2 protein chains.
Amino acid sequence: MSVLIVGSTALDSIKTPRAENPRLLGGSASHAAVAASFFSPVNLVGIVGSDFPKKYVQLYRRHGIDLAGLQVAEGATFHWAGEYEVNMNNRRTLKTELGVFETFKPDLPPAYRKTPYVLLANIAPALQLHVLDQVVKPKFVIADTMDLWLNIALEDLLRLLRRIDALVLNDSEARQLTLEDNVITAARKIHRLGPKYVIVKKGEHGSILSGPHGLFLCPAYPLEKVVDPTGAGDSFVGGLIGHLAAARGSIDANLRQAMLYGSVTASFCCAGFGLSATTKTTRAKIEQRVAALRKIVAV
Amino acid sequence: MSVLIVGSTALDSIKTPRAENPRLLGGSASHAAVAASFFSPVNLVGIVGSDFPKKYVQLYRRHGIDLAGLQVAEGATFHWAGEYEVNMNNRRTLKTELGVFETFKPDLPPAYRKTPYVLLANIAPALQLHVLDQVVKPKFVIADTMDLWLNIALEDLLRLLRRIDALVLNDSEARQLTLEDNVITAARKIHRLGPKYVIVKKGEHGSILSGPHGLFLCPAYPLEKVVDPTGAGDSFVGGLIGHLAAARGSIDANLRQAMLYGSVTASFCCAGFGLSATTKTTRAKIEQRVAALRKIVAV
């Protein structure tokens with residue numbers, strides 16, 4: 001089945017201790033859409049400016065991503081610039097130029113409205129809500145968020161939480177949202193805000209699912225070298241929902257496996273700048289790494 | 001089969017944001033010995049002072065721990081005092097009074113020399129080497145260490161590494177020892193220093209085994225409440241070697257499972273001050289939690 005993905009479509013300038021790469025294709029929706037595309041057809045909703053390089057449109061197309069929902073507006077594409085510290089765990093934002101994103105209103109093409117799987121990738125919760133208002137009886141809705149929205153749009157976010165099946169957020173965000181230091185307790189508190197499933201991302205330490213059948217600890221694929229972790233979280237949730245949409249059976253029966261696929265897809269993302277490593281991978285390579293990861297955690 | 005455990009036998013005064021507990025039974029050998037005792041007979045090697053409370057000797061005995069190697073010397077028992085911060089992840093040492101430990105020479109009773117499984121719990125590497133010099137053809141030797149010895153006894157530690165089968169250390173120590181930020185790469189470098197097996201502890205994020213059959217990611221049992229993590233690492237390695245000594249078959253065939261048992265034993269340790277929660281657990285409760293953990297990680 002198809003996946004609807006809305007989020008940011010951006011140009012990222014990324015600096016690490018080893019290299020600097022200007023204006024790479026980035027944004028939460030770009031990373032998530034390419035990740036999901038290995039498993040399911042993707043309907044993308046986003047906005048880019050008149051400066052958006054054609055090669056990136058071609059990149060989306062090579063991954064079979066439907067672009068009927070990609071708006072092109074007069075002006076500059078959303079541009080983010082950031083810098084990573086030596087250990088690649090901490091990053092700071094050098095620049096955020098919203099450009100055409102400032103006027104983004106994610107109106108869905110009619111053909112998108114019945115997409116059964118919906119990923120509200122990281123953007124303002126008000127925009128995520130606007131998309132939710134347009135979809136018709138989705139089978140599964142998952143939303144990602146970030147600390148910024150906890151700080152400046154908490155009311156919208158809380159409204160969103162009452163309407164989604166699953167929330168994905170990282171451990172520090174879970175702590176911030178619940179004022180609870182223990183992530184298991186934090187996840188339990190988030191259930192009370194709405195979502196049946198709560199997924200807490202812990203970067204290189206994997207992720208935790210809390211749901212009606214208890215906890216699941218999902219491993220991260222162990223990497224010796226991280227080139228650029230930008231978009232790893234988006235790739236994780238993109239791979240997750242892509243795999244879920246392709247699987248038969250209930251969400252409960254498939255979610256753990258979908259997380260494992262999300263985890264592995266994210267590991268490819270970290271191996272290159274921007275989307276360069278993700279776009280070079282294949283379904284076969286993902287399957288290989290999933291099989292390897294299963295062996296690594298087998299007791 | 002039996003396990004020989006040498007390390008510190010101490011009195012710990014532990015302060016957390018919620019409570020303060022003076023002069024609890026502690027020390028690397030105490031935690032490891034009680035943890036191992038759920039699985040195998042334990043021969044303890046340590047030293048205590050004339051002030052050592054009888055109730056703690058009884059505690060060892062209740063766990064069937066052989067005390068022929070526990071020296072009692074005139075003077076004060078090793079005393080450590082520490083304080084944990086709110087999130088229980090960071091601690092600072094308030095006091096270290098070596099007492100009789102200053103003159104500790106771990107001479108083994110003749111009956112201990114052929115113990116097949118040897119755990120050199122955290123003490124000075126010179127003392128760990130002294131024990132190794134006395135054991136006769138052990139089947140498996142595992143050593144734990146800490147940052148202090150990396151700082152003040154690195155030469156001894158490097159000499160030790162060439163003579164043991166497995167090293168256990170935490171992630172920051174692995175980074176310090178190898179000057180390598182990535183723990184997988186760090187583990188690989190540690191193999192070159194001697195040990196066939198390297199186990200990197202990551203606290204609540206579990207542990208990583210690197211060995212001849214590749215990597216194993218061992219989960220930590222997810223806890224909502226950590227009362228006192230002191231000794232959790234010692235309980236982990238104690239449970240690990242205790243389980244290993246009780247298992248049939250090769251080390252390679254049993255090590256992953258032994259780590260899982262170590263992980264669960266350590267989770268009980270965290271649920272109370274000092275050894276209070278560990279001593280209250282049972283083999284049946286450990287089995288229950290191991291079964292639960294298997295379900296939590298099953299894909």
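Below, chains carry the letters A, B, ... as their sequence lines are ordered, and counting in each starts from 1. Computed from a predicted model, the values in this text were never measured in an experiment.
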Trainee: Where on B/Leu260 is there a heavy atom nearer than 4.5 Å to chain A: the side chain, the backbone, both, or neither?
Mentor: side chain

Trainee: Return the minimal non-hydrogen interatomic distance between A/Arg256 and B/Lys295, and the atom names on each side.
Mentor: NH1-O, 2.7 Å

Trainee: Which atoms form the tightest heavy-atom contact between A/Leu217 and B/Ala220, and what is the distance?
Mentor: CD1-O, 3.6 Å

Trainee: What are the two closest heavy atoms between B/Lys202 and A/Glu204, and how far apart are they?
Mentor: NZ-O, 4.5 Å

Trainee: For the CD1 atom of B/Ile296 and the CG atom of A/Leu209, what is their distance to the nearest 0.5 Å?
Mentor: 11.0 Å

Trainee: Tell me, yes or no, whether the heavy-atom count around A/Arg283 atom CZ, taken from other residues, nucleotides or ligands under 6.0 Å, exceeds 12.
Mentor: yes

Trainee: Looking only at heavy atoms, which two atoms of A/Thr185 and B/Glu224 are closest? And how far apart?
Mentor: OG1-OE1, 2.7 Å

Trainee: Side chain to side chain contact (heavy atoms under 4.5 Å, CB included) with A/Pro222: which of B/Ile208, B/Val183, B/Leu215?
Mentor: B/Leu215

Trainee: If you count heavy atoms of other groups shown closer than 6.0 angstrom to CZ of B/Arg294, is the number above 12?
Mentor: yes

Trainee: Compare every heavy atom of A/Leu223 with every heavy atom of B/Asn182, then report the nearest pair and how far apart it is.
Mentor: ND2-O, 2.7 Å

Trainee: What distance separates A/His205 NE2 from B/Asp171 CG, expressed to the nearest 0.5 Å?
Mentor: 7.0 Å

Trainee: So which of B/Gln257, B/Arg188, B/Met259 has the biggest tally of heavy-atom pairs under 4.5 Å with chain A?
Mentor: B/Arg188

Trainee: Can you name the nearest heavy-atom pair linking A/Phe216 to B/Val297, along with the distance?
Mentor: CE1-O, 3.7 Å

